[in-house]
Amino acid sequence: MNETLVQVRDLKTFYPIRGGFPRRVIGQLKAVNGVSFEIPTHHTFGLVGESGCGKSTLGRSLLRMQPITSGEVSIAGRDIRRLAARELKRARRDMQIIFQDPYGSLDPRFTVRQIIREPLDTHRIGDKHFRNDEVFRLLEVVGLRKGVADRYPHEFSGGQRQRVGIARALALKPKFIVADEPVSALDVSVQSQVLNLISDLQKSYGISFLFISHDLAVVQHISHEVGVMYFGKIVEQAPAEELYARPLHPYTRSLLSAVPKPDPGAGSAGTIVKGDVPSHLNPPKGCPFHPRCPVAKPECAVREPVFQAPAGESPTHKVSCLLYE
Ligand code: SF4
């Protein structure tokens with residue numbers, strides 16, 4: 001078993017909701033509400049859920065790009081919450097992010113060379129010649145020609161731009177990368193190329209990834225373990241093979257029913273979960289999924305389920321649902 005690289009314990013990231021006149025705090029948006037998980041070295045943890053479930057906030061909280069309300073985050077043995085500014089800058093060499101939008105995440109005023117070299121410049125790694133050589137090496141690693149180094153982002157396709165974003169994320173040889181919906185803005189034909197690249201990098205360089213997506217199909221082949229997030233919490237978590245072979249939570253099953261089947265004769269994909277994500281101003285009592293759950297029972301509106309491995313299941317397969325208590 002690989003050693004633990006990322007350890008998250010009861011992480012909470014809340015935002016005040018302001019309203020009324022005069023403006024005052026009228027509630028709390030519990031974007032991440034008590035999440036715990038671990039990512040071993042050389043592993044990819046897939047985090048899946050609908051838009052607004054808190055998965056991007058969770059990813060950014062781990063890198064301290066969002067203020068954390070409470071809980072513990074340890075990455076490569078460092079307690080991320082307690083790092084002073086200088087220590088945090090040093091720690092950022094070990095943890096990077098790939099953004100969703102390859103159009104918005106690259107500064108249009110800079111060439112690809114400047115964009116990829118920027119983290120090396122900031123951390124004063126090597127001299128000018130070393131940094132330029134590194135740019136060429138990184139371009140090669142992500143499948144781009146050296147000759148594109150002096151072009152600007154607008155001269156590239158979406159897939160190429162995402163490769164540039166990945167090269168920049170790799171520049172400091174990180175141990176951990178948060179990939180926040182890295183393929184959702186790309187054409188379907190390009191998505192698999194970028195997914196294959198990330199998978200190859202994970203294997204070749206032994207990087208650990210938190211791979212965030214709204215699409216269970218996208219994380220299936222790239223993840224060792226998958227967590228399904230709903231309304232700020234992980235509601236099901238299991239090794240990837242197990243989760244896809246035997247989904248337990250009604251929400252996971254609904255998400256999986258929306259995944260298109262490769263065999264046209266196997267029937268059409270189902271519909272994505274019906275109804276809207278609940279309001280943070282008026283969160284449902286009991287199980288937060290009960291207003292949308294197709295198999296809810298009266299008790300679900302009263303009692304909140306415990307996140308645990310059900311009797312008879314593997315201890316690594318946990319779910320938060322009263323059907324299994
Ligand atoms: Fe559905 Fe009830 Fe399970 Fe919640 S606890 S997922 S409402 S069956």
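Counting convention: from 1, in listed order, for ligands and their atoms alike. Along the sequence shown, residues carry numbers from 1.
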Q) Any donor and acceptor pair, going by atom type alone, linking the side chain of H290 with main-chain N or O of C287 inside 3.5 Å? A) yes
Q) For ligand 1, which atoms, with element, lie under 4.0 Å from some heavy atom of H290? A) 7 (S)
Q. Near L322, which atoms of ligand 1 are under 4.0 Å from a heavy atom of that residue?
A. 3 (Fe), 5 (S)
Q) How are the rings of Y152 and H154 set relative to one another: parallel (under 30°), tilted (30 to 60°) or perpendicular (over 60°)? A) parallel
Q: On the 0 to 90° scale, with breaks at 30° and 60°, tag the F45-F37 ring pair as parallel, tilted or perpendicular.
A: parallel
Q: Could you find the nearest protein heavy atom to atom 4 (Fe) of ligand 1 and give me its residue, atom name and distance?
A: C287 SG, 2.3 Å
Q | Heavy atom of the protein closest to atom 1 (Fe) of ligand 1 (residue, atom name, distance) | A | C293 SG, 2.3 Å
Q: Carefully, step by step, assess R131 and E118 under the rule salt bridge (charged side-chain N to carboxylate O under 4.0 Å, His left out).
A: CA-CA 9 Å; R131 293 176 203 168; E118 191 262 340; over 6 Å; no
Q. Between H280 and Y15, does the ring centroid distance fall short of 6.0 Å?
A. no
Q. Any idea which of E236, E304, H249 brings a heavy atom closest to atom 6 (S) of ligand 1?
A. H249
Q: Would you check if atom 2 (Fe) of ligand 1 lies under 2.8 Å from any N, O or S atom of C300?
A: yes
**Q.** Euclidean distance, L256 CG relative to T252 OG1, rounded to 0.5 Å
**A.** 7.0 Å
(Q) Under 4.0 Å, heavy-atom basis, I'd like to know which part of C321 is in contact with ligand 1: side chain, backbone, both or neither. (A) both
